[in-house]
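Report on the following structure.
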Amino acid sequence: MPELPEVETLCRQLDGILPGQEIRGVRVVDARLGPLAGLGGYRIFKVTRQGKGLCLKLENGPTVFLHLRMTGRLLWQKGAAPIPSHTRLIISFSSGKLLLIDPRRFATVRVGSDPVLSAPLANPLDGLPARRLKEMAEERRLPVKSFLMDQRFIAGIGNIYACEILHGAKIDPGRPAGSLTIAEWRRVEKASALVLPRAVACRGTTVSDWRDLFGASGSNQEHLEVYAREGDICRRCGGRIERRVMGGRGTWSCPSCQR
DNA sequence: TATAATGTTAGACT
DNA sequence: AAGTCTAACATTAT
């Protein structure tokens, strides 16, 4: 579910309410998340994002690292509201509860030191410089779409935004990463500088079940040009959008304007 | 009932 | 050896 813009949305919302608050209790509903003992009593210092992961930094304490994977959500609840189904973890504070909801149970939580992010392009919101993209992709034959989604290189881009960025850049997702010219990488740089910040401003893309911390839908689905639009008409050139499988993932593109 | 789903990764294959 | 691909994880919705 959540890629960089969705996790950034949660991060900003969490950082707006949690710092200074004391953890009153932790209830692990799904034992597969691990024991998570000993967090009670700590206060939140701040909340940051690393790629698609969230760090709850505790004052004079460890960091709680959350990864939502495919279907994880976070929900802030006040008062005695009913607990939704698929709730896997509850962290209580005096002013409310933070719920991890995750139907597929892929989400992970670990407590420890801050994770070290080794991706050279650690935060695509700061820009994806064409020259560095070209250097990293040199000689590689994997599809450029798989390259953009490889978290070891670039932290935070997933399936929706890889498809959208490549449409914006007019590049076929199946092109070998190493075959792009510097001019083409500049188009990728420009497209991501448009697509990613706009998605953050829209508080994410709600195509099925994404909701923000307060249960609200995002609005970036209104800006999707190709993702999940198989058979529709490309708004840029009038071509027909097609779906392929690449690296095991659905991949949407317009073959008539993406080369 | 079969298929696909916004992520990651271990192991297989080249 | 390094690069790339595939299956698996667990569950729901169409």
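In what follows, chains are A, B, ... by sequence order, proteins preceding strands, each numbered from 1.
Atom pair I160(A):CD1 and dA5(B):P shows a separation of 11 Å (rounding to whole Å applied). Going from atom CG of L142(A) over to atom C1' of dT14(B) covers 15 Å, rounded to whole Å. The CG atom of D102(A) sits 13 Å away from the P atom of dT8(B) (whole-angstrom rounding). The interatomic distance linking L54(A) (CG) with dG7(B) (P) rounds to 14 Å, in whole Å. Remark: P of dT9(B) and CG of D150(A) are 10 Å apart, rounded to the nearest angstrom. As a whole-Å value, the separation of R73(A) CZ from dA5(B) C1' is 16 Å. In this structure, CZ of F147(A) is placed 13 Å from P of dG3(C), rounded to the nearest angstrom. Nucleotide dG3(C) holds its P atom 10 Å from the CZ atom of R141(A), rounded to whole Å.
OP1 and OP2 of dG7(B) both lie 4.0 Å or more from every side-chain N or O belonging to Q151(A). Dashed line: the shortest gap from a side-chain N or O of H67(A) to OP1 or OP2 of dG7(B) is not under 4.0 Å. Applying the 4.0 Å criterion to OP1 and OP2 of dT4(C), one finds that R140(A) has a side-chain N or O inside that range.
Nucleic acid contact for T108(A): none, since no nucleic acid atom lies under 4.0 Å from a heavy atom of the residue.
To the nearest 0.5 angstrom, F214(A) atom CZ is 10.0 Å from R203(A) atom CZ. The line from CG of D114(A) to OG1 of T48(A) is 6.5 Å long, rounded to the nearest 0.5 Å. Rounded to the nearest 0.5 Å, atoms CG (L74(A)) and CG (L54(A)) are 6.5 Å apart. Taking NZ from K145(A) and OG1 from T251(A), the interatomic distance works out to 3.0 Å, rounded to the nearest 0.5 Å.
A gap of 22 Å separates the C1' atoms of dC9(C) and dT1(B), to the nearest Å. Nucleotides dA7(C) and dT3(B) place their P atoms 14 Å apart, quoted to the nearest Å. Rounded to the nearest Å, the gap between the P atom of dT8(B) and that of dT12(C) is 22 Å. Nucleotides dT9(B) and dA1(C) place their P atoms 23 Å apart, quoted to the nearest Å.
In this structure, the side chains of V144(A) and W185(A) come closer than 4.5 Å at one or more pairs of heavy atoms. The closest side-chain heavy-atom distance from L133(A) to I154(A) is below 4.5 Å.
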Per-nucleotide protein contact string for nucleotides 9-14 of chain C, where B marks a base within reach and S marks sugar-phosphate only (heavy atoms under 4.0 Å, - for neither): BBBS--
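Side-chain contact check for R244(A) and S253(A): at least one donor-acceptor pair (N or O, by modelled atom type) lies under 3.5 Å.
For the pairing with I157(A), the side chain to side chain contact (heavy atoms under 4.5 Å, CB included) check across L121(A), L128(A), L4(A), D150(A) returns one residue only, L128(A).
Near DNA chain B, meaning a heavy atom under 4.0 Å from it, residues 244-253 of chain A has R249(A), G250(A), W252(A) in order of number.
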Steps toward side chain to side chain donor-acceptor pair (under 3.5 Å) verdict (T205(A), Y227(A)): CA-CA 11 Å; T205(A) 301; Y227(A) 182 83; over 6 Å; no
Intermediate values then yes/no, salt bridge (charged side-chain N to carboxylate O under 4.0 Å, His left out), E6(A) and K52(A): CA-CA 8 Å; E6(A) 290 75 27; K52(A) 301 173 193 171; over 6 Å; no
Salt bridge (charged side-chain N to carboxylate O under 4.0 Å, His left out) between R235(A) and E225(A), worked out: CA-CA 7 Å; R235(A) 287 189 276 262; E225(A) 296 291 338; 3.3 Å; yes
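Of the candidate nucleotides dC5(C), dA5(B), dG3(C), dA5(B) has the atom nearest to the side chain of R243(A).
Consecutive Watson-Crick or G-U pairs involving DNA chain C, each under 3.5 Å on both distances, make up stems of three or more pairs at B:2-5 with C:11-14, B:7-14 with C:2-9.
Using a 4.0 Å cut-off between a side-chain N of Lys or Arg and a carboxylate O of Asp or Glu, E184(A) and K170(A) do not qualify as a salt bridge.
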